[in-house]
Structure formats: structure tokens, C-alpha cells
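Take a look at the structure set out below.
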Amino acid sequence: MHRKSYEKGELSKESVNGNPLQQFRTWFYETKDAGGVDEVNAMTLTTVDAEGFPRGRVVLLKKYDEYGFYFYTNYNSDKARSLELNNKVSLSFFWPNMERQIIIKGTVEKTSDTESNNYWQSRPKGSQLGALVSNQSSIVKDRSELEDKLKKLEEEYENKEVPRPKDWGGYLVSPLSIEFWQGRPNRLHDRIRYTLVDCDWIIERLQP
Ligand SMILES: Cc1cc2nc3c(=O)[nH]c(=O)nc-3n(C[C@H](O)[C@H](O)[C@H](O)COP(=O)(O)O)c2cc1C
């Protein structure tokens with residue numbers, strides 16, 4: 001049986017930053033610099049659908065700032081349809097190289113057109129065309145249908161900029177609570193949770 005002792009770090013209410021987004025930034029760069037995690041910005045986004053079923057899937061964190069966490073997707077996808085009915089989400093990160101987990105509870109809203117356009121323009125043309133091809137989450141007969149569509153679009157936009165489709169853009173997750181989990185020996189892990197109360201972040205330690 002695989003059994004691992006966690007010994008890479010520790011967390012206390014006294015040692016963490018008073019602002020969870022600053023603490024996130026510290027952990028993000030420590031994890032990145034330590035190496036061994038290919039996509040440190042990969043996070044599990046969990047939404048709840050119309051029937052109450054949760055669904056988690058990985059998306060990429062493209063930006064974070066004092067307002068929260070940003071990701072990009074198709075506005076007609078399964079996740080987007082769920083978000084239209086229920087804008088409450090969870091984001092989670094698992095960074096095994098540092099024996100760390102972060103769980104965020106929050107609400108989402110679509111990012112502004114300017115924000116989405118800026119990110120769209122920074123994407124390689126291949127990714128832009130891929131977004132144009134895919135009606136994300138809907139059924140397709142076979143792969144060739146997508147490849148044929150891509151080929152046509154490649155020709156159409158050979159010498160032209162690809163405009164951002166109206167059904168593709170960003171979401172901003174505004175955090176209500178953020179929990180930082182650091183693995184510790186003997187399963188006595190450190191869990192420090194920040195909760196937003198009246199515009200202030202309350203910091204508490206949770207039992208492992
Ligand atoms: C490493 C990784 C990164 C991904 N990044 C994104 C992303 O940034 N945006 C996105 O829409 N889907 C991304 N996906 C695909 C999603 O996990 C998912 O398949 C897709 O968004 C459709 O989800 P839905 O049908 O639940 O809406 C990524 C998948 C992986 C494994």
C-alpha cells in the first residue's frame with residue numbers, strides 16, 4: 001500500500017499573508033519554481049447543473065488579481081449553462097511537488113468584452129481557430145467533421161485576424177473563502193482557511 005509522509009512545509013495563522021490572494025501568489029510561484037508540476041495553473045472548476053449534479057473539470061487559470069481568478073471557455077458549454085443557473089463554484093489546485101492543495105469557494109461573472117478581447121488577441125492563431133471550430137460540449141459525429149471545419153477556417157483566415165466569437169470569453173471567480181492545505185507528518189496536516197466577512201478576511205485553522 002502506498003503511504004507517504006508529508007514533510008515539505010508548514011502553515012500557521014501567524015505566518016500566512018493577511019490577504020489570501022497574496023498568499024496564493026506566494027504559493028503559486030513557490031510551486032512553479034520548485035519544478036515538477038507541468039501546468040501549475042491547471043485547476044479543477046466544479047459547477048452544479050440544473051439537476052443538482054456537481055461536475056468538476058480542469059481549466060487553466062489565466063490571470064489572478066485582487067478581484068479573483070480568471071479562466072476562459074465557451075459560453076455555450078456545459079459549464080457555462082450550469083453557471084447561468086447557478087454562479088456558485090469551487091476551484092481547486094493540487095500541487096503534489098509541494099504537498100499542497102488550495103480550495104476556493106466563490107461566485108462567477110463573465111469578464112468584460114475588453115478583458116476577453118485582450119486575452120483572445122494574445123492567443124496563437126491555432127488556438128483561436130480551434131475555439132471557432134468547437135461548439136464545446138455538443139455531440140459531434142466524428143473527428144473528421146472538426147478537422148474539415150478547421151481546414152476551411154485556416155484558408156478563410158490565412159491573411160486575416162480571427163475575431164473573437166461572441167460565445168467565447170472569460171469568467172472571473174470572486175472568492176468568498178480560500179483554504180490552503182499543507183501536508184504534514186502523521187496526517188496532522190495544516191489547513192488555514194480565509195473567509196470573507198464584511199470585506200475583511202477572517203483567518204482560521206481547521207482540523208486536518
Ligand atoms: C490541462 C487541461 C486544461 C484545460 N483548460 C481548459 C480551459 O482553459 N478552458 C476550457 O474551456 N477547457 C479546458 N480544458 C477542457 C475541460 O476540462 C473540459 O473538457 C471542457 O471545458 C468542456 O467542459 P464542459 O463540457 O464541462 O463545459 C482543459 C483540460 C485540461 C486537461
Side-chain angles (χ1 to χ4, degrees), residues 21 24-25 27-65 67-98 100-147 149-150 153 162-175 178:
L21 287 142
F24 181 87
R25 183 176 300 275
W27 268 28
F28 188 88
Y29 282 104
E30 282 175 0
T31 303
K32 203 167 171 218
D33 293 347
V37 169
D38 225 20
E39 289 184 292
V40 68
N41 60 332
M43 57 185 185
T44 299
L45 162 74
T46 303
T47 55
V48 175
D49 73 12
E51 293 169 345
F53 284 102
R55 175 175 159 82
R57 82 287 279 159
V58 175
V59 293
L60 295 178
L61 175 69
K62 287 295 168 183
K63 177 176 147 182
Y64 56 93
D65 61 16
Y67 302 109
F69 304 86
Y70 299 72
F71 65 90
Y72 289 85
T73 194
N74 182 300
Y75 286 151
N76 294 323
S77 63
D78 260 14
K79 72 180 89 49
R81 289 180 192 283
S82 294
L83 289 172
E84 264 167 41
L85 299 170
N86 180 347
N87 75 339
K88 297 177 174 146
V89 299
S90 165
L91 293 175
S92 62
F93 295 82
F94 172 43
W95 291 326
N97 62 335
M98 299 296 283
R100 287 173 175 173
Q101 171 178 241
I102 298 178
I103 302 177
I104 297 159
K105 166 175 139 179
T107 55
V108 298
E109 59 188 306
K110 285 182 181 170
T111 55
S112 65
D113 281 340
T114 312
E115 184 86 34
S116 292
N117 287 341
N118 287 345
Y119 175 62
W120 176 261
Q121 278 152 19
S122 77
R123 301 184 92 205
K125 199 166 194 174
S127 308
Q128 291 178 336
L129 291 175
L132 244 62
V133 167
S134 172
N135 295 317
Q136 194 176 54
S137 315
S138 59
I139 293 166
V140 63
K141 190 160 59 55
D142 54 32
R143 191 177 167 85
S144 63
E145 194 176 311
L146 299 171
E147 282 169 355
K149 204 167 157 190
L150 177 63
L153 287 168
V162 187
R164 176 175 67 90
K166 283 285 160 262
D167 60 4
W168 189 98
Y171 284 101
L172 163 64
V173 177
S174 307
I178 307 188

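Read the numbers this way: they start at 1 and go in the same order the structure lists the ligands and their atoms.
If you check the side chains of T111 and S116, you find a donor sitting under 3.5 Å from an acceptor.
For the side chain to side chain donor-acceptor pair (under 3.5 Å) test, residues two or more places apart in sequence or in another chain that qualify with E147 are R143.
Aromatic ring orientation, F24 versus W95: tilted (interplanar angle from 30° to 60°).
With hydrogens and angles ignored, the 3.5 Å screen pairs a side-chain donor or acceptor of N97 with a backbone N or O of T31. Within the 3.5 Å criterion, the main-chain N or O of V133 finds a donor-acceptor partner in the side chain of K149.
Around ligand 1 you find E39, R55, R57, V58, V59, L60, Y72, T73, S77, D78, K79, Q136, S137, each with a heavy-atom distance below 4.0 Å.
The distance between the ring centers of Y70 and Y119 does not fall below 6.0 angstrom.
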